[in-house]
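The structure displayed is predicted, hence computed values, not measured ones.
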Amino acid sequence: MSNNKHYFSSELVRWYEKERRDLPWRRTRDPYHIWVSEIMLQQTRVDTVIPYFNRFVDRFPSVRQLAEAPEEEVLKHWEGLGYYSRARNLQSAVREVVDRYGGEVPRLKEEVSGLKGVGPYTAGAILSIAFDQPEPAVDGNVMRVLSRFFGLEDDIARPATRVRIEGVAKELIPHGKAADFNQALMELGAMICTPKSPACPTCPVREMCSARLQGRQSELPVKTKAKPPKFVLRLAALVEGTGIRSGKVLVRQRPKTGLLARMWELPHLEAPGQSVWDSVESGCSWLEQEFAQEGLMIKAVDHIGDAQHTFTHLHWNIRVMSAVLQAEESAILPPHYQWVGPDDFENYVWPNVFRKVLTQYFIGMYKPSKP
DNA sequence: AAGGCGGGGTC
DNA sequence: GACCCAGCCTT
């Protein structure tokens, strides 16, 4: 092994053994717990994951207990964490582990990689961290660290670059130290070799880092820009119950697939253009017509507030309109619609944007004007 | 190869 | 605001 590679690996592991953070998933060797942590950590920061991880393994301590749990309860434990297909895929995968592998997380690369929601990074992480197998686990941190140290100019937004860096990373794994080395790489990326203003003076491998020696820390890694999110205007109906439904609000469940699958929300629609918003009245009448086509006869009353939410790929600008249901006593609700009040609010799973709106409404801060 | 898929921290 | 995070799946 060439000189700088050996230097990199040994100094990095030495640093990690001294500086490693005490994280919940570093206190266990249970492959299932390692697995859960790696799924939660996909595109999600450590500090965000910690409370979710603790609650999740407390409620679902084993593969079997997760496999047998109601999907709704699994989703509830994921609420607010984002990328909800991770939760669905994880439960589907543990059920496969029960059915095909007797409830034991498999140790073969092909079997681990075949599990739902387990891609190249997560497979490498499970195999190395749980079983100490010399497999690379290349995430955004690792691509950044290795691009800088070795002066790699490849665009890390390209899939081919990850494949190349996996080859580099695999060669660097010290014999018998796959778990520590892979975690050390990511730890360095998270704590020292950060995207902006890296802490080079305290870096354990600074003396042979290509980027630092050339003063190019800010130029590496090379990464092409993502497309900006698409802006969308949406109108939502906050339909207030009357009589025995006083204090309740009409909500609906989203479809089984796609964005925010199976989560609950205020009924809302994408506006065809700004023209529906020429006036409050035109917005109200447009909303009434659209919902009438879905079999929901509402009377929109007033514009009572706005909510914004940015996803990776789109930005929602939601105008919230107060409304009532026509002939509420005899009205038949379309499928997937439901009345919800403060008392049963927590029995449903909400994306954050609607959790905020409804929480505000129920505590009286988001007050519709009365007809 | 490109786009869909959340939410939050940081600068 | 922009960027990006212990990425994966579908097309």
Side-chain angles (χ1 to χ4, degrees), chain A residues 20-21 23-26 34-53 75 78-90 92-93 112-130 136-145 155-163 165-166 169 179 181-191 193-198 218 221 223-232 254-255 257-263 265 308-316 349-356:
Chain A
R20 56 179 288 180
R21 288 172 289 176
L23 303 173
W25 46 90
R26 287 184 179 162
I34 306 283
W35 178 11
V36 170
S37 75
E38 291 301 337
I39 300 297
M40 287 187 170
L41 286 161
Q42 290 169 7
Q43 297 292 287
T44 312
R45 289 167 194 283
V46 165
D47 290 343
T48 305
V49 166
I50 290 173
Y52 282 91
F53 174 82
L75 202 54
W78 212 272
E79 184 182 45
L81 198 54
Y83 286 133
Y84 300 96
S85 66
R86 294 185 293 177
R88 265 208 316 279
N89 288 338
L90 177 59
S92 167
V112 173
S113 299
L115 297 169
K116 274 204 181 67
V118 177
Y121 163 74
T122 307
I126 293 171
L127 291 166
S128 62
I129 298 171
V138 174
D139 67 346
N141 285 314
V142 175
M143 288 198 282
R144 183 172 59 254
V145 169
D155 179 0
I156 64 168
R158 292 175 52 230
T161 301
R162 197 210 70 237
V163 174
I165 293 183
E166 280 173 349
F181 175 76
N182 280 351
Q183 293 185 85
L185 258 180
M186 294 186 277
E187 191 88 343
L188 190 74
M191 306 301 292
C193 196
T194 50
K196 291 172 184 173
S197 54
S218 63
K223 186 178 184 182
T224 54
K225 284 191 196 301
K227 279 175 49 173
K230 181 182 145 199
F231 274 70
V232 189
R254 295 182 61 84
T257 59
L259 185 69
L260 302 171
R262 284 180 221 187
M263 301 182 80
E265 64 182 6
Q308 318 280 330
H309 192 68
T310 302
F311 302 86
T312 305
H313 57 299
L314 56 86
H315 177 91
W316 280 353
V349 185
W350 308 96
N352 271 11
V353 57
F354 291 110
R355 163 173 290 278
K356 286 175 188 165

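- When the P atom is compared between dA6(C) and dC11(B), the two are found 13 Å apart, to the nearest whole Å.
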**Q.** Working for side-chain contact (heavy atoms from CB on, under 4.5 Å), residues Tyr83(A) and Gln42(A)
**A.** CA-CA 9 Å; Tyr83(A) 286 133; Gln42(A) 290 169 7; over 6 Å; no

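- Remark: C1' of dG7(C) and CD1 of Ile156(A) are 13 Å apart, rounded to the nearest angstrom.
- Side chains of Tyr121(A) and Glu38(A) form a contact here, defined as non-hydrogen atoms less than 4.5 Å apart.
- Taking the side chain of Asn352(A) as heavy atoms from C-beta on, and the options dC4(C), dG7(C), dG7(B), the nearest nucleotide is dG7(B).
- Comparing dA6(C), dC5(C), dC9(C) by their nearest atom to the side chain of Asn89(A) picks out dC9(C).
- Between dA6(C), dC5(C), dG6(B), one nucleotide has an atom nearer to the side chain of His309(A) than all others, and that is dG6(B).
- What you find for Lys223(A) and Asp155(A) is that their closest heavy atoms are CA-OD1, 3.3 Å.
- Within the 4.0 angstrom heavy-atom criterion, only backbone atoms of the sugar-phosphate kind lie near Gly258(A); the bases stay farther away.
- At a threshold of 4.0 angstrom between heavy atoms, the contacts of Arg26(A) include nucleobase atoms, whether or not backbone atoms are also involved.
- With P as the reference atom, dC8(C) and dG8(B) are 22 Å apart, rounded to whole Å.
- Within the 4.0 angstrom heavy-atom criterion, base atoms lie near Arg21(A).
- Rounded to whole Å, the distance from CZ on Phe311(A) to P on dC3(C) is 20 Å.
- Heavy atoms of Ser85(A) sit nowhere under 4.0 angstrom from any nucleic acid atom.
- In this structure, Glu187(A) places its CD atom 10 Å from P of dA6(C), rounding to the nearest Å.
- At a cut-off of 3.5 angstrom, the base of dG9(B) holds no donor-acceptor pair with the side chain of Thr48(A).
- Using a 4.5 Å cut-off on side-chain heavy atoms (C-beta onward), Lys116(A) and Arg88(A) make no contact.
- The shortest distance between the side-chain N/O atoms of Asn182(A) and the OP1/OP2 oxygens of dA6(C) is not below 4.0 Å.
- Look at Tyr84(A) and you'll find a side-chain N or O under 4.0 angstrom from OP1 or OP2 of dG7(B).
- Separation of the P atoms belonging to dC4(C) and dC5(B) is 22 Å when rounded to the nearest angstrom.
- Where Arg45(A) and Arg162(A) meet DNA chain C, the nucleotide closest to each residue was compared, and Arg45(A) sits on the side nearer the 5' end.
- Neither side chain, Arg355(A) nor Asn352(A), offers a donor N or O lying under 3.5 Å from an acceptor on the other.
- By the 30° and 60° cut-offs, the orientation of the rings of Phe311(A) relative to His309(A) is perpendicular.
- Among the atoms of the strands shown, only primed sugar atoms or phosphate atoms (P, OP1, OP2) are found under 4.0 Å from some heavy atom of Leu260(A).
- In this structure, NE2 of His315(A) is placed 8 Å from P of dG1(C), rounded to the nearest angstrom.
- Between the CD1 atom of Ile39(A) and the C1' atom of dC5(B) there is a distance of 15 Å, given to the nearest Å.
- Between Tyr83(A) atom OH and dG3(B) atom P there is a gap of 15 Å when expressed in whole angstrom units.
- Neither OP1 nor OP2 of dC5(C) sits under 4.0 Å from any side-chain N or O of Gln43(A).
- The side chain of Lys223(A) lies closest to dC5(C), out of dG7(C), dC3(C), dC5(C).
- Taking only side-chain atoms of Leu23(A), from C-beta outward, the nucleotide of dC3(C), dA6(C), dC4(C) with the closest atom is dA6(C).
- Of all heavy-atom pairs between Ile39(A) and Gly117(A), the closest is CD1-O, 3.6 Å.
- Between the side chain of Thr122(A) and the base of dG7(C), no donor-acceptor pair of N or O atoms lies under 3.5 Å.
- Residue Leu259(A) has its side chain nearest to dC5(B) when only dC4(C), dC8(C), dC5(B) are considered.
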Q: Determine, step by step, whether Trp78(A) and Leu90(A) satisfy the side-chain contact (heavy atoms from CB on, under 4.5 Å) criterion, reporting the C-alpha distance in whole Å, the side-chain angles of both residues, the deciding distance to 0.1 Å, and the verdict.
A: CA-CA 11 Å; Trp78(A) 212 272; Leu90(A) 177 59; 4.2 Å; yes

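- Of the candidate nucleotides dA6(C), dC4(C), dG8(B), dG8(B) has the atom nearest to the side chain of Lys356(A).
- The distance between atom CZ of Arg88(A) and atom C1' of dC9(C), rounded to the nearest whole Å, is 11 Å.
- Nucleic acid contact for Trp316(A): none, since no nucleic acid atom lies under 4.0 Å from a heavy atom of the residue.
- Within the 4.0 Å cut-off from OP1 or OP2 of dC5(B), at least one side-chain nitrogen or oxygen of His313(A) is found.
- Remark: Arg86(A) is not in phosphate contact with dG6(B), judged by side-chain N or O atoms under 4.0 Å from OP1 or OP2.
- Within the 4.0 angstrom heavy-atom criterion, only backbone atoms of the sugar-phosphate kind lie near Val118(A); the bases stay farther away.
- Rounded to whole Å, the distance from CE on Met143(A) to P on dG7(C) is 8 Å.
- For the pair Ala160(A) and Pro351(A), nearest-nucleotide mapping onto DNA chain B gives the more 5' position to Ala160(A).
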